[in-house]
There are 2 protein chains.
Amino acid sequence: MRQAPRRKRDSAATKEALLQAASELFTERGFSATTVRDVAARAGANQALLFRYFGSKQELFAAVLTRNSEQVIAELSAEELPRQLLINLLDSAEPDGEHPLVAMLRSWSDERAAEMLRGELGARYTERLSELSDADDAQLRADLVLAWLFGIGMVRSVLGKSPLAEADPEVIVRYVTRAASVLLERTGLSDDR
Amino acid sequence: MRQAPRRKRDSAATKEALLQAASELFTERGFSATTVRDVAARAGANQALLFRYFGSKQELFAAVLTRNSEQVIAELSAEELPRQLLINLLDSAEPDGEHPLVAMLRSWSDERAAEMLRGELGARYTERLSELSDADDAQLRADLVLAWLFGIGMVRSVLGKSPLAEADPEVIVRYVTRAASVLLERTGLSDDR
DNA sequence: TGGGATTGTAAGCGACTGCTTACAAGATCG
DNA sequence: CGATCTTGTAAGCAGTCGCTTACAATCCCA
């Protein structure tokens, strides 16, 4: 009788399974509350492989962030960004649609995680958003809008506070885009995008 | 030669020192990253006393939250709340002016900590803020504003992201109150308070 | 077919966590 | 003074953490 039905030999699939499991768990529990044992267990892999492939928990987190954010930020135009970002954020509570921002929110408290967000990710979102305004402090205004989206994601998805947590996403989007357009002002920022 | 210059015998002072140290550390590092040993060390007390007086790390956190929030929320009118809350939030990076919200932000990722914030604290802030609007979804609007303040506090004080982190508080306050007044609309919400 | 590299596994090391215990030192009061 | 309660201390327990090691199974290619 075999005592462990040995995993199929496929390093690429194992790596991907680890990344996927890590992405889910970081989103659900945050960086420090997620253990490498949990990640390996959900991926159905041995935890030693996690260290062989990613070196450390920290580098695994970096890999997850990179993987998840690349495409999202690439496929959205500046005009769509705030609205779509918000929608993604609001929907991410549902089944398994997870957004990297939620992982960011959950991992905020860890200094090593915050370091990455501060430098790499945040800057790109800010730059994209700041295209919407032609004020000279456009980046500050973009940061304020980003901060709002983060805050909403936290209160709604992470904290689960009422009534924000139960509110209709469409209503939220309407309120936020309307108020945000005051900040990101420019001639003719239509309110349907 | 005495090997430990025994602490003065004063339970009230010890309790207070523990509360103060815990408040600082929870603010600086968050709930899970703060250890009871750290708290006891900064308070100059033995860690066993922490458990004698507060029972558990969780109850200590609750005691800190209660102690710190009571007066702040009590001494502010609804009209002053958003502006003053924001100012407190923006100034809290400085010397030792710490705001309970920052502690909240840092401790977000812990489920036990989040539970308390969700129920007790958040509700009171929401209720106060919602007085500013006479819309029927005033509480939702208030939550959105609160979420914004949280988000700004996170990006600025916790994440330290530029340019928000270096921006002039007065500018931030002006932008936010102006955009927020779109949400908390009511006849004659003057923009200087 | 055989030998070295790659992928999987089990076990455990050392450090750290929240929390407890056993006890010494000072206070209080008869 | 001596008994008792309170306050402070040192040490350690049991569990978990990230990470490492030693080794078995499988693949690749000569």
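Below, each value reflects all heavy atoms present in this structure, side chains not excepted, and no hydrogens, waters or symmetry copies. Protein chains get the first letters and strands the later ones, always in sequence-line order, with residue 1 at the start of each.
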So what does B:Y53 touch, heavy atoms closer than 4.0 Å: a base, only the sugar-phosphate, or nothing? sugar-phosphate

Could you state the atom-to-atom distance from CG of A:L18 to P of D:dG18 in whole Å? 14 Å

Choosing from C:dT9, D:dG8, C:dT20, which nucleotide comes nearest the side chain of B:T14? D:dG8

d(CZ, A:F26; C1', D:dG18) in whole Å: 12 Å

Would you indicate which nucleotide in D:dG18, C:dG18, C:dA27 comes nearest to any side-chain atom of B:R9? C:dA27

Which one, D:dG18, D:dT7, D:dT21, comes nearest to the side chain of A:T35? D:dG18

CZ of A:F54 versus C1' of D:dC19: gap in Å, rounded? 16 Å

For atom CD of A:E16, is the number of surrounding heavy atoms from other residues, nucleotides or ligands below 6.0 Å larger than 12? yes

When you measure from the side chain of A:A48, which nucleotide among C:dG18, C:dA10, D:dC19 comes out closest? C:dA10

Measure from NZ on B:K57 to P on C:dT17 and round the result to the nearest Å. 9 Å

Side-chain (A:R42) to main-chain (A:A21) donor-acceptor, under 3.5 angstrom: no

Roughly how many Å is it from CG in B:L50 to P in D:dG8, rounded to a whole number? 12 Å

Just by distance, do the side chain of B:S130 and the backbone of B:E127 share a donor-acceptor pair under 3.5 Å? yes

Measure from the side-chain N and O atoms of B:K15 to the backbone N and O of B:F54, and report whether any donor-acceptor pair falls under 3.5 Å. no

Ignoring hydrogens and angles, tell me if any N or O in the side chain of B:T14 forms a donor-acceptor pair with the backbone of B:D10 under 3.5 Å. yes

Taken to the nearest whole Å, CZ/B:F51 to P/D:dG8 is 16 Å

Starting at CZ of A:R52 and ending at P of C:dG8, how long is that distance when rounded to a whole Å? 8 Å

side-chain hydrogen bond (donor to acceptor under 3.5 Å, both in side chains) with A:R29: of A:T34, A:T35, A:D38, only one passes, and it is A:D38

Once you round it to whole Å, what is the distance between P of C:dG18 and CG of B:L49? 16 Å

Check whether any side-chain heavy atom of A:L164 sits under 4.5 Å from a side-chain heavy atom of B:T126, and report yes or no. no

Do the side-chain N or O atoms of A:S11 get closer than 4.0 angstrom to the phosphate oxygens (OP1, OP2) of C:dT6? no

Got a sec? Which of residues 37-47 of chain B come in under 4.0 Å of DNA chain C, heavy atoms? B:R37, B:Q47

